[in-house]
Asker: 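Sharing a structure below in structure tokens format, with a few things to ask.
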Number of protein chains: 2
Amino acid sequence: MFRGKYIYAVDSKNRISIPAKLRRHISPEANDTFVMVQGTAPCIDLYPLDQWQKFEERLAKLNSFVTKEATFIRMMMQHATDETMDAQSRIIIPHHLMDYAKIQNEVVILGALKKIEIWNPQVYDDYLNQVPETFEEIAAIVMAQE
Amino acid sequence: MFRGKYIYAVDSKNRISIPAKLRRHISPEANDTFVMVQGTAPCIDLYPLDQWQKFEERLAKLNSFVTKEATFIRMMMQHATDETMDAQSRIIIPHHLMDYAKIQNEVVILGALKKIEIWNPQVYDDYLNQVPETFEEIAAIVMAQE
DNA sequence: CCACTCTTCCCCACTACTCCCCAAAAATAA
DNA sequence: TTATTTTTGGGGAGTAGTGGGGAAGAGTGG
């Protein structure tokens, strides 16, 4: 499970290092590879390859001759790209994802359990500030059951 | 499994390159060959030869004495052509498929799990915009089971 | 049957980007 | 402080994407 928040640089070749502390939680089956998709929030989601493949197998069971299911596959897969880390444990972020998440020189890297999120630091702060509930309230709503 | 969306050029000889990232997911049994058919959406579907053969076996199980099934086979097969990639990993798109998908100078190439889709970029955007449900709604409907 | 045209296929070539490597700087551990 | 790991930077070879020339082959009309 991925944990923690890290502020990292984006270099002139659109590369970012994956924090060592997060790397330790990637299983060898992931082959040093992430699948990147645009998140539901304005950020980029990184899934270790093995995690993503589980999801993909579920998608593969859909019937692409059913219109809705084909549309869903398209929407899901169009932004999914795989990137393998180089010897320095960096990945390259494709342009269209950079644009989507408004990323420039610096990023916030968030460990979010089974995935990793990449944010523009400013966007991330704004996002948190704009949440109407306090942490305590959110906690009460979400964690109340069981 | 094929992933990602790519914007590529169509040259004066109606050729398009197959993106390197998609090529890596083609099995050697496909022999650098694709079978192209008109998609159920306004696009062209590319199946690697080995995948197509599996699909063809499914088609062969249909009963061609049942009118609807015979019609479907005709519609499916009339535009089915195989194309082998050249040394630059390009394939030629036949005129009748170009017309069907309204393709001109540029295409969207879509990795869609077991097949690859070729779209006119404008048609693709319009198609997605015209979907009545949001991504979240589609996801909920399609992935609800299990 | 032959000459002509148009298409298909194979080849070469240019440009830009990606990937791999080496290495400095910074941070952490010993 | 010294040693080791982590983060950041950049050079250069190889690959990817694009464009086009020209031979071989198919089709057409005389």
Side-chain angles (χ1 to χ4, degrees), chain A residues 2-26 30-36 44 46 49 80-99 103-111 116-121, chain B residues 2-26 31-36 44 46 49 79-99 103-111 116-121:
Chain A
F2 300 115
R3 284 186 278 269
K5 172 185 167 183
Y6 310 84
I7 310 266
Y8 270 44
V10 181
D11 70 18
S12 56
K13 294 180 178 178
N14 291 347
R15 295 176 298 193
I16 58 169
S17 294
I18 302 299
K21 284 196 172 182
L22 295 181
R23 258 182 272 151
R24 297 201 183 91
H25 298 280
I26 303 170
N31 256 91
D32 286 346
T33 302
F34 288 98
V35 175
M36 315 173 64
I44 303 171
L46 297 194
L49 183 59
T81 49
D82 34 312
E83 289 290 336
T84 303
M85 292 190 278
D86 65 16
Q88 280 68 37
S89 309
R90 293 174 293 196
I91 53 167
I92 297 177
I93 312 197
H95 283 101
H96 64 278
L97 287 176
M98 291 274 289
D99 291 345
I103 286 169
Q104 282 151 356
N105 319 312
E106 263 195 346
V107 288
V108 164
I109 302 176
L110 278 185
I116 296 172
E117 295 183 352
I118 314 271
W119 290 75
N120 170 324
Chain B
F2 299 116
R3 286 187 273 266
K5 171 184 165 183
Y6 310 84
I7 312 265
Y8 271 41
V10 181
D11 69 19
S12 55
K13 295 179 179 178
N14 291 347
R15 295 176 298 192
I16 57 169
S17 295
I18 303 299
K21 285 205 167 174
L22 295 182
R23 259 182 272 150
R24 296 199 186 96
H25 297 280
I26 302 171
N31 257 91
D32 286 347
T33 303
F34 288 98
V35 176
M36 315 172 64
I44 304 170
L46 297 193
L49 184 57
H79 292 121
T81 48
D82 35 314
E83 288 288 336
T84 304
M85 292 191 278
D86 67 15
Q88 279 69 37
S89 309
R90 294 175 291 197
I91 53 167
I92 296 179
I93 312 197
H95 282 102
H96 59 279
L97 286 175
M98 292 274 289
D99 292 345
I103 285 169
Q104 283 152 355
N105 319 311
E106 263 195 345
V107 287
V108 163
I109 302 176
L110 211 56
I116 296 172
E117 296 183 350
I118 314 270
W119 290 75
N120 170 323

Asker: Side chain of A:Ala20, heavy atoms from C-beta onward: which of D:dT6, D:dG21, C:dC21 has the nearest atom to it?
Answerer: D:dT6
Asker: Grab the CG-P distance between A:Asn105 and D:dT8 for me, whole Å please.
Answerer: 12 Å
Asker: Answer yes or no: does a side-chain N or O of A:Arg24 lie under 4.0 Å from OP1 or OP2 of D:dT6?
Answerer: yes
Asker: Rounding to an integer number of Å, can you tell me how far A:Asp32 CG sits from C:dC20 P?
Answerer: 12 Å
Asker: In terms of side-chain heavy atoms of A:Gln88, which of D:dT6, C:dA23, D:dG10 is nearest?
Answerer: C:dA23
Asker: Could you say whether A:Ile18 or A:Arg15 is positioned toward the 5' end of DNA chain D, judged by the nucleotide with the nearest heavy atom to each?
Answerer: A:Ile18
Asker: Measure the distance from NZ on B:Lys21 to P on D:dT15 and round it to the nearest whole Å.
Answerer: 17 Å
Asker: Looking only at the side chain of B:Ile92 (C-beta and beyond, no hydrogens), which of the listed nucleotides D:dG9, D:dG20, C:dC9 gets closest?
Answerer: C:dC9
Asker: Tell me if a side-chain donor or acceptor on A:Asp86 pairs with a main-chain N or O of A:Gln88 at a distance below 3.5 Å.
Answerer: yes
Asker: Atom CG of A:Asn14 and atom C1' of C:dA16: how far apart are they, to the nearest Å?
Answerer: 15 Å
Asker: Rounded off to whole Å, could you give me the CE-to-P distance for the B:Met98 and C:dT7 pair?
Answerer: 13 Å
Asker: Taking CG from A:Asp86 and P from C:dC17, how many angstroms apart are they, rounded to a whole number?
Answerer: 19 Å
Asker: Base, sugar-phosphate, or nothing: which does A:Asp11 touch, judged by heavy atoms less than 4.0 Å apart?
Answerer: sugar-phosphate
Asker: Under 3.5 Å, is there a donor-acceptor pair between the A:Ser17 and A:Ser89 side chains?
Answerer: no
Asker: Select one nucleotide: of D:dT6, D:dG11, D:dT18, the one nearest the side-chain heavy atoms of A:Arg23.
Answerer: D:dT6
Asker: Is there side-chain contact between B:Arg90 and B:Asp11, with at least one heavy-atom pair below 4.5 Å?
Answerer: yes
Asker: How long is the line joining CZ of B:Arg90 and P of C:dA13, in whole Å?
Answerer: 14 Å
Asker: Using side-chain heavy atoms (C-beta onward) and a distance below 4.5 Å, is B:Lys13 in contact with B:Ile92?
Answerer: no
Asker: On DNA chain D, does the nearest nucleotide to B:Pro19 precede the nearest nucleotide to A:Pro19 from the 5' side, or the other way round? Give the residue.
Answerer: A:Pro19
Asker: Whole Å only: how far is the CD1 atom of A:Ile93 from the P atom of C:dC17?
Answerer: 18 Å
Asker: May I ask you to decide if the ring planes of A:His25 and A:Phe2 are parallel, tilted or perpendicular, using 30° and 60° as cut-offs?
Answerer: perpendicular
